[in-house]
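Below is one structure, written out as structure tokens; comments come after it.
Here is the naming used below: chain letters follow the sequence lines, and residue numbers restart at 1 for every chain.
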Amino acid sequence: MLDIRLLRENADSVKARLATRGGSGLDAEVDAVLACDTERRAAETRLQTLQADRNRLSKEIGRLRAQGQDSSAIEAQVKAQAAEMQELSQASAILEETQRERLLALPNLPQQSVPAGRGEEDNPLIRTWGEKPVLAKTEDHVAIGQRLQLFDFERAAKLSGSGFVCYTGKGARLERALINFLLDLHTREHGYTEISPPLVVRPEALTGTSQLPKFEEQLYRIERDDLYLVPTAEVPVTNLHREEILPAASLPLRYVSYTPCFRREAGSAGLGTRGLIRLHQFDKVELVKFVAPETSYAELETLVADAEKVLQGLGLHYRVVTLCTGDMSATSAKTYDLEVWLPGQNAFREISSCSNFEDYQARRAKIRYRPAAGDKPRAVHTLNGSALAVGRTLVAILEQYQDADGSVVIPPALRPYVGGTERVSPPQKPNG
RNA sequence: GGAGGAAUGGCCGAGUGGUUUAAGGCGGCGGUCUUGAAAACCGCAGUGCUCGAAAGGGUACCGGGGGUUCGAAUCCCUCUUCCUCCGCCA
């Protein structure tokens with residue numbers, strides 16, 4: 001949510017920056033918010049004048065009654081204002097709600113350094129790490145996984161429908177190993193505090209991080225209890241500090257959280273992609289930071305670096321791009337994507353997205369800090385990034401480490417987590 | 001799931017319709033005193049909105065929302081959370 005004061009004072013520059021996101025721009029929406037704001041303030045000012053009046057007269061009534069005198073004239077005077085006060089009170093409540101709704105619907109301002117562009121093709125390449133592995137043969141992860149009996153889509157569909165997977169045997173072990181590797185790396189070497197949050201949350205939490213109201217149809221909802229399954233750990237972890245004023249000395253807060261993520265992927269036409277790339281349920285290790293505004297862009301760089309360390313540690317070839325204005329999510333001020341090389345697709349695919357939301361989420365969720373004793377509270381900056389999407393990491397390992405004999409080499413960094421196993425080979429007996 | 005009880009400021013805690021401008025205590029900050037510190041004493045301290053160039057006003061907020069009343073921390077309804085007990089349960 002943008003600061004209404006910024007809109008009042010710099011409407012033109014806000015409009016110009018929002019317009020870089022593409023489409024027809026949001027000039028009309030900005031004007032509507034401002035019109036609402038003007039009307040709301042007029043109503044509130046008038047209401048508050050009447051309230052001051054009433055408070056004064058009510059005290060006078062108390063005084064008169066205490067002295068045994070007649071107060072009916074003043075009571076009549078106050079009653080005469082009641083209708084107008086009621087009316088103004090309702091009007092200002094409605095205007096306040098309308099203003100908030102309109103403000104919630106406006107996207108964040110892209111940061112100045114974010115390149116203008118229309119879509120994916122305009123995302124500038126920042127750097128590339130490693131090289132394409134030289135492979136004797138190139139299978140995609142679905143073929144590899146089926147031969148090695150690492151996961152089972154058919155049986156998962158029997159349980160839950162399409163878009164779900166069941167990891168089996170060494171596949172399940174590899175997945176668990178990856179999760180532990182990721183959590184250990186970020187807690188031990190990068191200073192993040194591990195969080196294992198609830199996986200169902202109230203609607204307010206989703207509004208705070210701005211999945212609601214816009215992406216309702218992407219969420220699994222438990223209607224009976226008005227709760228939602230988390231689409232990412234970002235939601236519970238960012239909302240840990242909702243409606244709090246944090247001590248400045250506590251910043252930056254850095255959290256790492258492993259959770260399953262649940263997404264309906266409505267409108268994605270049968271998920272579009274084969275295998276583990278896009279599922280209704282997947283595992284992800286997420287990094288979340290709460291920082292002082294002055295430091296948030298430096299923190300974004302280290303966030304990306306922390307995510308990259310994972311890929312480097314696993315020896316996976318990848319590249320980093322900056323999302324241009326047209327490709328960036330509405331919530332973000334600046335986003336870097338990490339794209340890992342997938343030989344099976346002959347393409348780089350997103351495996352991590354690292355964003356600085358500046359104060360956009362913090363204002364929605366009322367997450368503030370006090371810069372110094374006696375200062376007014378100020379919105380923190382929030383950041384988050386995947387480090388990493390576990391399923392896609394497994395895909396990258398299977399495809400980049402596949403060997404000529406049909407086996408897959410386990411990256412050395414991961415071996416301590418699989419009992420020292422160096423290679424996954426096809427099993428001796430058929431599965432089931 | 002059932003039956004009770006509770007929620008007041010950073011913390012503890014008083015307050016059951018009207019000078020309450022939420023008592024008092026603890027903790028915090030500033031000052032006086034002191035070579036310094038402690039103690040003592042004095043003072044300052046919440047959040048949002050709004051008016052104002054500013055100084056400074058106004059208004060709302062006693063878990064959330066709604067209601068009764070000229071006037072609500074206080075009375076009524078409702079929701080949430082916590083506690084105690086019962087039932088069920090990994």
Does the plane of the ring in A:F164 sit parallel, tilted or perpendicular to the ring in A:Y220? Use 30° and 60° as the thresholds.
tilted
Integer-rounded Å distance: B:C70 P and A:E84 CD
18 Å
Are OP1 or OP2 of B:G48 and a side-chain N or O of A:R368 less than 4.0 angstrom apart?
yes
Under 4.0 Å: is that the gap between some side-chain N or O of A:R5 and OP1 or OP2 of B:C49?
yes
For A:K59 and B:G18, is the shortest distance between a side-chain N/O and OP1 or OP2 below 4.0 Å?
no
Flag if over 12 foreign heavy atoms under 6.0 Å of CZ, A:R118
no
If you check the A:Q86 side chain, which of B:G67, B:U47, B:U50 turns out closest?
B:G67
Checking base pairs now: Watson-Crick or wobble, both atom distances under 3.5 Å. What partners B:C85?
B:G2
Searching all strands shown, indicate the nucleotide that pairs with B:G27 (Watson-Crick or G-U wobble; both distances under 3.5 Å).
none
My understanding is that a pair needs two contacts under 3.5 Å, Watson-Crick or G-U wobble. By that rule, which nucleotide pairs with B:A39?
none
Please give the distance between the P atoms of B:G25 and B:G18 as a whole number of Å.
24 Å
Do any N or O atoms from the side chain of A:Q149 and from the backbone of A:P426 form a donor-acceptor pair under 3.5 angstrom?
no
Please report, rounded to the nearest Å, how far the P atom of B:C70 is from the CD atom of A:Q51.
16 Å
Any base atoms under 4.0 Å from A:R8, or only sugar-phosphate, or nothing? Heavy atoms, all strands.
sugar-phosphate
Between C1' of B:C49 and CG of A:L95, the distance in whole Å:
14 Å
Can you classify the ring geometry of A:H241 versus A:Y255 as parallel (below 30°), tilted (30 to 60°) or perpendicular (above 60°)?
parallel
Residue matched to B:A73 through Watson-Crick or wobble contacts both under 3.5 angstrom:
none
Let's test this: given Watson-Crick or G-U wobble pairing with both distances under 3.5 Å, identify the partner of B:U80.
B:A7
On RNA chain B, more 5' by nearest nucleotide between A:Q48 and A:A42 is A:A42
Report the residues that fulfil side chain to side chain donor-acceptor pair (under 3.5 Å) with A:D12, sequence neighbours left out, ordered by chain and then residue number.
none
Rounded distance in Å - CD1 (A:I61) to C1' (B:G17)
13 Å
As a quick check of understanding, evaluate side-chain hydrogen bond (donor to acceptor under 3.5 Å, both in side chains) for A:S71 and A:E75, giving each step before the final call.
CA-CA 6 Å; A:S71 59; A:E75 281 176 43; 2.9 Å; yes
Nucleotide nearest A:E44 (side chain, heavy atoms from C-beta), chosen from B:U50, B:G58, B:U47:
B:U50
What is the distance, rounded to the nearest whole Å, between atom CD of A:E96 and atom P of B:C61?
13 Å
Separation of the C1' atoms in B:C49 and B:C44, to the nearest angstrom
24 Å
Taking only side-chain nitrogens and oxygens of A:K366, does any of them come within less than 4.0 Å of OP1 or OP2 of B:G48?
no
Span that lies between the P atom of B:G4 and that of B:A90, in whole angstrom
29 Å
C1' spacing across the pair B:U8 / B:G30, given as an integer number of angstrom:
27 Å
Would you kindly give the CG-to-P distance between A:D53 and B:G58, to the nearest whole Å?
13 Å
Side chain to side chain donor-acceptor pair (under 3.5 Å) partners of A:Y318, counting only residues at least two apart:
A:E308, A:Q312
Short side-chain N/O contact from A:R378 to OP1 or OP2 of B:U47, under 4.0 Å
no
Parallel under 30°, tilted from 30 to 60°, perpendicular over 60°: which one fits the rings of A:Y192 and A:H190?
perpendicular
Among B:U81, B:U47, B:U50, find the nucleotide with the atom closest to the side chain of A:R202.
B:U81
Distance, rounded to the nearest Å, where A:K79 contributes NZ and B:U68 contributes C1'
13 Å
Expressed as a whole number of Å, how far does the C1' atom of B:C26 sit from that of B:G17?
31 Å
Residue-phosphate contact under 4.0 Å: A:N55 side-chain N/O, B:A60 OP1/OP2
yes
With a 3.5 angstrom cut-off on both distances, give the Watson-Crick or G-U wobble partner of B:U59, or none if there isn't one.
B:G48
So, does A:R54 get its side chain near the phosphate of B:U69, meaning an N or O under 4.0 Å from OP1 or OP2?
no
In whole Å, what separates the P atom of B:U59 from that of B:C77?
30 Å
Check this one for me: any side-chain N or O of A:R370 less than 4.0 Å away from OP1 or OP2 of B:U47?
yes
Distance between the C1' atoms of B:U16 and B:C75, in whole angstroms?
9 Å
Out of B:C51, B:U47, B:A60, minimum distance to the side chain of A:R41 belongs to B:C51
Choose from B:U50, B:G67, B:G18 the nucleotide whose nearest atom is closest to any side-chain atom of A:T45.
B:U50
OP1 or OP2 of B:G17 versus the side-chain N and O atoms of A:R65: is any pair under 4.0 Å?
no
Suppose you measure atom P in B:G9 against the same atom in B:G46; what distance do you get, rounded to whole Å?
15 Å
What is the distance, to the nearest angstrom, from the CD1 atom on A:I245 to the P atom on B:A45?
17 Å
